[in-house]
2 protein chains.
Amino acid sequence: MRQPVTESERTHGAAGARIAARLRDAILSGEYAPGARIRQEDLADLHGASRLPVRDALRMLEAEGLVTVRANAGAWVSTLTLADFEELYLLRERVEPLLLGFSAPLLSEEAIDRLDGLALAMEASSDVEEFLVLDREFHLSGYAAARTSVLGDFVTQLWNRTQHYRRAFTRVFRDEGDRSAHHDHHLIVGALRRRDAEEAERVLAIHIRRTRLELERHPEVFTIGG
Amino acid sequence: MRQPVTESERTHGAAGARIAARLRDAILSGEYAPGARIRQEDLADLHGASRLPVRDALRMLEAEGLVTVRANAGAWVSTLTLADFEELYLLRERVEPLLLGFSAPLLSEEAIDRLDGLALAMEASSDVEEFLVLDREFHLSGYAAARTSVLGDFVTQLWNRTQHYRRAFTRVFRDEGDRSAHHDHHLIVGALRRRDAEEAERVLAIHIRRTRLELERHPEVFTIGG
DNA sequence: TAGTCACTGATTGCATCCAAAATCAAGCCG
DNA sequence: CGGCTTGATTTTGGATGCAATCAGTGACTA
């Protein structure tokens, strides 16, 4: 009856974890589109391994919601309906402020400076892909100081699941010249700097909600993979 | 580029899923204690299968948080620290009311009658194990009408992860003659019957928070597995 | 005597092979 | 001519065997 030491260790076989990491990046970068078929043997050949660690990798990504597996049929990159997306954003709206509450008091001044820089860089950025990277970096860095065992990973998974769809509708919203997102970001940084975690959480919740509501006016975004 | 039909299908190999289901039940029923070692070959022999579907099962349960796997070392039934438990209850406090909000308007009158019956049965129950079953049934039945794709499963996982520790401290709290939990249950049923979802959500949040706060006064419960 | 190192046993991880299930296309029947 | 059934192909699922890694024990040295 020996205890597993700590959560943060490599929990899986090296090969399986490597393949999972690369496939995850490929999906998040848009290399694999939602709905795309994933064949085990292709991945095995690509990584010079057998199909067994590939199966492990697929199960890991399935657990993260990035991949959908059907018995005796195969694996596909997960797709979201509009309802799914709204559900995930309702979750984000409730969970991310909680995580920020854990992180806020532990953020160093330097970390807050970096968040400020990211917010400014986002405003200056004109490239959608760059904006997506900066936005993700801004939010996840804001949570990075939190010492949680499940919350942090869960939030990252929520971001990963919605990544491709964020890409799709960011192209629409940015052209509309919506400035409120940038405004929110600066409000959050300001609250964090004043060590007013409650205010930061409040603005974050509104920030996430705003995106969801805007999306409801652009349901055509969800004609992507389905 | 063919779509996976629907979420609710068997997504895994039959053998792996069967083993996972039985192991899950064994863990939830307390047959395996937190911190207990799980050997692949034992499970394989027990189910008359090879170690391969067993590994699949372990990965599934790891994804659900019930099992902790370390590379080249083995699998253990997950243990929780007091901080972990509080984190999970903070999550429940935010997520379960959201799920109840999805379910409430879709609950039939018969379903609400059943909830009422469960609440009464809990009050009458003197056996801890029976109480745990009824409590779980009460809550999860209350959410059962929700047509969600991730929220419902997530909440079930939160319940499963905390199951063993609920068992441990329920023995303590019940002896103290705390009646507020029963009071909450009836308030929730009443609100549901009046189709006042907001009130039901509010009471549910308080109900979950109360348990967390009570637990903070009994940290000795967490001397269980580690 | 306490700390370190090497060795042994046990357990997991991966590769190969075979079986089972689903997909897809062609042929058949209504 | 369209829908259904049937068969071949493709792809996944599982069993066995071997290699790699880790835990635990004992002896050796300072």
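Just so you know, these numbers come straight off a predicted model, no measurement behind them.
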Engineer: Given atom NE2 of His47(A) and atom C1' of dA15(C), what is their separation to the nearest angstrom?
Structural biologist: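 About 17 Å, once rounded to whole Å.
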
Engineer: Suppose we call a contact any N or O donor and acceptor under 3.5 Å apart; does that hold for the side chain of Arg51(B) and the base of dG14(D)?
Structural biologist: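 Such a pair does not exist between side chain and base.
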
Engineer: Please report the distance, rounded to the nearest Å, between CZ in Arg59(A) and P in dT12(D).
Structural biologist: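 After rounding, the gap between these two atoms is 12 Å.
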
Engineer: Checking Thr148(B) side chain against Val150(B) main chain: does a donor-acceptor pair fall under 3.5 Å?
Structural biologist: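 Between the backbone of Val150(B) and the side chain of Thr148(B) there is no qualifying donor-acceptor contact (under 3.5 Å).
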
Engineer: Would you say Arg70(A) places a side-chain N or O within less than 4.0 Å of OP1 or OP2 belonging to dT23(C)?
Structural biologist: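 So the side chain of Arg70(A) is within the cut-off, an N or O lying under 4.0 Å from OP1 or OP2 of dT23(C).
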
Engineer: Let's see if you can work this out: which of dC14(C), dT12(D), dT12(C) has an atom nearest to the side-chain heavy atoms of Ala15(A)?
Structural biologist: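 Among dC14(C), dT12(D), dT12(C), the one nearest the side chain of Ala15(A) is dC14(C).
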
Engineer: Does Ala49(A) reach a base, just sugar-phosphate, or nothing at all? Heavy atoms under 4.0 Å.
Structural biologist: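 Sugar-phosphate, no base atom in range.
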
Engineer: Counting only side-chain heavy atoms from C-beta out, which of dT12(C), dC14(C), dA22(C) sits nearest to Asn72(A)?
Structural biologist: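 When the side chain of Asn72(A) is considered, dA22(C) is the closest of dT12(C), dC14(C), dA22(C).
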
Engineer: Could you tell me the separation between the CZ atom of Arg18(B) and the P atom of dG14(D), rounded to a whole number of Å?
Structural biologist: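 Going from CZ in Arg18(B) over to P in dG14(D) covers 9 Å.
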
Engineer: Assign Ile38(A) to base, sugar-phosphate, or nothing according to its heavy-atom contacts below 4.0 angstrom with the strands shown.
Structural biologist: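 Sugar-phosphate, backbone atoms only, no base.
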
Engineer: Using whole Å, report how far CD of Gln40(B) lies from C1' of dT16(D).
Structural biologist: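 Spelled out: CD on Gln40(B) to C1' on dT16(D) is 15 Å.
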
Engineer: Rounding to an integer number of Å, can you tell me how far Leu58(A) CG sits from dT12(D) C1'?
Structural biologist: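 Taking CG of Leu58(A) and C1' of dT12(D), I get 11 Å after rounding.
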
Engineer: Going by modelled atom types, is there a donor-acceptor pair between the base of dG14(D) and the side chain of Arg55(A) at under 3.5 Å?
Structural biologist: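 By the distance-only test, yes, there is a pair.
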
Engineer: Rounded to whole angstrom units, what separation is found between the CH2 atom of Trp76(B) and the P atom of dA23(D)?
Structural biologist: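 That distance rounds to 7 Å.
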
Engineer: Determine whether a donor-acceptor pair (N or O, by modelled atom type, separation under 3.5 Å) exists between the side chain of Thr162(A) and the backbone of Trp159(A).
Structural biologist: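 Present.
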
Engineer: Kindly point out which of dG13(C), dT16(D), dA22(C) is positioned nearest to the side chain of Leu52(B)?
Structural biologist: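 Selected nucleotide: dT16(D).
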
Engineer: Do Phe85(A) and Tyr89(A) have their ring centres less than 6.0 Å from each other?
Structural biologist: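 Between Phe85(A) and Tyr89(A), the centre distance is under 6.0 Å.
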
Engineer: Is the backbone of Glu87(A) close enough, under 3.5 Å, to the side chain of Arg92(A) for a donor and an acceptor to pair up by distance?
Structural biologist: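 No.
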
Engineer: Map Ala75(A) and Ser50(B) onto DNA chain D by nearest heavy atom, then report which one ends up closer to the 5' terminus.
Structural biologist: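 Comparing both residues, the 5'-ward one is Ala75(A).
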
Engineer: CZ of Arg39(A) versus P of dA21(C): gap in Å, rounded?
Structural biologist: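 So the CZ-P distance, Arg39(A) to dA21(C), works out to 22 Å.
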
Engineer: Taking everything shown except Arg210(B) itself, do over 12 heavy atoms lie less than 6.0 Å from its CZ?
Structural biologist: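 Yes, CZ of Arg210(B) has more than 12 neighbouring heavy atoms, counting only those of other groups under 6.0 Å.
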
Engineer: Map Ala73(B) and Glu41(A) onto DNA chain D by nearest heavy atom, then report which one ends up closer to the 5' terminus.
Structural biologist: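 Comparing both residues, the 5'-ward one is Glu41(A).
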
